[in-house]
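What you see is a predicted model, and the numbers here were worked out from it, not measured in a lab. Chain A is the first sequence line, chain B the second, and so forth, proteins listed ahead of strands; every chain is numbered from 1.
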Amino acid sequence: MKLPNKVIGYLFLSICAIISIFPFYWMVVSMTNTSADVTRGKLLPGGHFIENFKNLLQTVDLVPALTNSALIAVGTTILSLLIASLAGYGFEIYRSRAKDVVFNVLLLSMMIPFAALMVPLFRMFGSITPVLPFIGIDTLSAVVLPTITTAFLIFFFRQSTKMFPKEILEAGRIDGLKEIGIFFRIYVPTMKTTYAAAAIITFMASWNNYLWPLVVLQSPEKQTIPLLISNLGSSYSPDYGMIMMAIVIATLPTAIIFFFMQKHFVAGMMGSVK
Amino acid sequence: MNIPKNLGPEKVAKKPAPRPAQSLRLKNTLVGWSFVSLASLLIGIFYFYPMVQALILSFQSGSGVNLSFVGFENYVRLFQDPVFLTTVKNTVIYLIIQVPVMILLALFLSVVLNNKTLKWKGFFRTAIFLPCVTSLVAYSVVFKYLFAPDGIVNMMLLKINLVAEPIQWLTDPFWAKITIILAITWRWTGYNMIFYLSALQNVDRSIYEAAKIDGASAIQQFFKITIPMLKPIILFTSITSTIGTLQLFDEVMNITAGGPGNATMTISQYIYNLSFKYTPDFGYAATVSYGIVFLIVIFSIIQFKAAGDKK
């Protein structure tokens, strides 16, 4: 009775693991094959890696798109972490009834779908474009601004702050540190792992964001990696080898983060349910 | 998470000691508000203000910037709009098929992986979680090619003689929905599994031992112990999955572009098309977006109620 259960378990896990891994295997292998080989269903590595890479560089503006995506993701991550951790710390350390009400109202924003915000946001940015062109439509700042504050991240920092030993704050006050000094000199260095986890989720979300950049960015030289991939994917006569190369390059940063910081990665994901 | 265990939340959650000086208290109140003010202000500007704007917009109509007030006309149009009703139907189909299938699959996986004697646990866990590292656009394009008429999936199905002719995964209204559901399930099952795995680690194994002694089968243990024990986390993941599915956009846009016809189009995509693809009608698009908000609220309430009633 015991053995069959175990065999079924291994079989089930193996099938799920193969299905999970297969698309990765396929895209990595296809990036080394010609488009014709990919269509033929070739599942072994070929010798066209360099050729596909050259084609990709000639066909699309890969480097500018990577730069745009990196600038947006890094900028978003730094600003988000600062804003959300200040708030999460403030809501927990200076807790009051009024602040709890504000906090709960902020949490409501998690229920608002982005599709509902897209049109009014587009009009908002449209109306400030003549006045402040550097944060208007078709700028990287316009991509960053609406995404730097998420209730989720504030909630995440507040939850983590619950575990923060408040005796240390008192010690800081006795040493004559100002409140903001306590935050930057004591809280931030102590909460390194929380920041790491938050940075990973924010960076990933920003790097992969599609809908808002699609709406707000217009000129080709501003496009981000997801926009570039999406354009490649909708071409009528796709060069599969080359497109798979682009997809692998787009996935590489998040895959590297995942493999090297798996613990923080999972901690960030789970942050919401502590 | 990096704080020593002996300083647990129960020790630090107490209110700070009362301070003698009134002025100091006032100063602290001000400091406290200044910590939270920037984030609150930004959420106000980028979430609540647009929602108010959308509400006002939903009573206006016209193309581009030439808008005029039309009262409830947009809302009347909404319920007679066949495309809107199709997108609601599609979105709800994704929701009621995909979310339960994925959650059950993730639960099964986590239960099997939670077995102490299992070998290569780390490998299986990492492999099944791996789809989460892909961007939605990137995996959607990969799935589009995998499920092409002459793609790998059809090639394999033909080779093992499971089908006589290639399935039209992307161009048949029924199969296109299945493709979308398979894609989302591939991307998110591992994500949900991780939540259940960590919750299962907190479940006392002796409960299972006792059940085994009482003669409960594996299936009975799953439905009578595991599911009730994990109820809060199942509720959490089903609400986040529901909100995610109701907002579905990237996948449909990049796998089927909403086609064939409107057979896979979601509400989010319809809002996008109304605003940026067809002749822009921001007023009506805003009305449709309140449709999603309404659905999110309704489904969240249903799930909370369903979880509460079983108690």
Q: Determine the interplanar angle of the B/F249 and A/Y210 rings, folded into 0 to 90°, and report it as parallel if under 30°, tilted if 30 to 60°, perpendicular if over 60°.
A: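 The rings of B/F249 and A/Y210 sit tilted, inter-plane angle from 30° to 60°.
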Q: A/F258 and B/F129: aromatic ring centres closer than 6.0 Å?
A: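 They qualify: ring centres under 6.0 Å apart.
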Q: Which region of A/T147, side chain (C-beta onward) or backbone (N, CA, C, O), has a non-hydrogen atom less than 4.5 Å from a non-hydrogen atom of chain B, or is it both or neither?
A: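 No part of it gets close to chain B.
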Q: Restricting to non-hydrogen atoms, name the atom on B/L109 and the atom on A/C16 that form the minimum distance, rounded to 0.1 Å.
A: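 Nearest heavy atoms, B/L109 then A/C16: CD2-SG, 3.8 Å.
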Q: Are B/W186 and A/F24 close enough that their ring centers fall under 6.0 Å?
A: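 Yes, close enough.
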Q: Kindly indicate, with the supporting measurements, whether the criterion ring-ring contact (aromatic ring centres under 6.0 Å, His included) is fulfilled by B/F276 and A/F122.
A: CA-CA 10 Å; B/F276 304 107; A/F122 179 74; 4.9 Å; yes
Q: For A/V38, is it the side chain, the backbone, both or neither that has a heavy atom under 4.5 Å from a heavy atom of chain B?
A: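 The answer is neither part of A/V38.
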Q: Which atoms of A/I243 come close to chain B, meaning under 4.5 Å heavy atom to heavy atom: side chain ones, backbone ones, both, or neither?
A: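 Side chain only.
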Q: Which atoms of A/A17 come close to chain B, meaning under 4.5 Å heavy atom to heavy atom: side chain ones, backbone ones, both, or neither?
A: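 Both parts, backbone and side chain.
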Q: Can a donor-acceptor pair be found, under 3.5 Å and without considering hydrogens, that links the side chain of B/Q247 to the backbone of A/F114?
A: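 Here the side-chain-to-backbone pair exists.
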Q: Does any backbone or side-chain atom of A/F91 lie under 4.5 Å from a heavy atom of chain B? Answer side chain, backbone, both or neither.
A: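 Contact with chain B involves both backbone and side-chain atoms of A/F91.
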Q: For a quick test of reading the model, state the closest non-hydrogen atom pair linking B/V112 to A/F12 and the distance between them.
A: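 That would be CG2-CD2, 4.1 Å.
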Q: Quick check on A/I225 against chain B: is it the side chain, the backbone, both or neither that has a heavy atom closer than 4.5 Å?
A: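 Nothing of A/I225, per the 4.5 Å heavy-atom cut-off to chain B.
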Q: State whether the side chain of A/Y10 and the backbone N or O of B/K119 hold a donor-acceptor pair below 3.5 Å, judged by distance alone.
A: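 Answer holds: yes.
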Q: Given that the side chain runs from C-beta out, which part of A/I180 has a heavy atom under 4.5 Å from chain B: side chain, backbone, both or neither?
A: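 Looking at A/I180, backbone and side chain both touch chain B.
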Q: Atom OG1 of B/T240 and atom CE of A/M110: how far apart are they, to the nearest 0.5 Å?
A: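 Between atom OG1 of B/T240 and atom CE of A/M110 there are 10.0 Å.
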Q: With a 4.5 angstrom heavy-atom cut-off, could you sort out which part of A/F157 is near chain B: side chain, backbone, both or neither?
A: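 The answer is neither part of A/F157.
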Q: For A/S14, is it the side chain, the backbone, both or neither that has a heavy atom under 4.5 Å from a heavy atom of chain B?
A: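 For A/S14, backbone and side chain are both near chain B.
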Q: Taking every heavy-atom pair that is under 4.5 Å apart, which of B/G44, B/S300, B/P131, B/S140 has the most such pairs with chain A?
A: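 The candidate making the most pairs under 4.5 Å is B/P131.
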Q: Please state whether the side chain, the backbone, both or neither of A/A205 comes within less than 4.5 Å of a heavy atom of chain B.
A: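 It is neither, since no heavy atom gets under 4.5 Å.
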Q: Set out, in order, the CA-CA distance, both residues' side-chain angles and the distance that settles side-chain contact (heavy atoms from CB on, under 4.5 Å) for A/L121 and B/Q53, then state yes or no.
A: CA-CA 9 Å; A/L121 280 177; B/Q53 284 293 309; over 6 Å; no
Q: Checking A/T254 side chain against B/V133 main chain: does a donor-acceptor pair fall under 3.5 Å?
A: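 At least one qualifying donor-acceptor pair exists.
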Q: If we define contacts as heavy-atom pairs under 4.5 Å, which of B/V142, B/L38, B/L136 has the most with chain A?
A: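 Heavy-atom pair counts peak at B/V142.
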Q: Heavy-atom pairs under 4.5 Å with chain A: which of B/V297, B/N115, B/L246, B/T126 has the most?
A: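 Answer, by heavy-atom pair count under 4.5 Å with chain A: B/T126.
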Q: Can you tell me which portion of A/W207 sits under 4.5 Å from chain B's heavy atoms? Options are side chain, backbone, both or neither.
A: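 Contact with chain B is absent: no heavy atom of A/W207 under 4.5 Å.
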Q: Please assess B/F46 against A/L145 for the test side-chain contact (heavy atoms from CB on, under 4.5 Å), listing each intermediate value before the final yes or no.
A: CA-CA 8 Å; B/F46 292 117; A/L145 276 174; 4.0 Å; yes
Q: Examine whether an atom of A/A246 lies under 4.5 Å from a heavy atom of chain B, and if so say whether it belongs to the side chain, the backbone or both; otherwise answer neither.
A: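 Neither part; nothing is under 4.5 Å.
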Q: Heavy-atom cut-off 4.5 Å, strictly under: side chain, backbone, both or neither for A/M124 against chain B?
A: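 It is the side chain, since no backbone atom gets that close.
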Q: Grab the two heavy atoms, one from A/P113 and one from B/V293, that are nearest each other, plus how far apart they are.
A: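 Smallest interatomic distance, heavy atoms only, reads CD-CG2, 3.8 Å.
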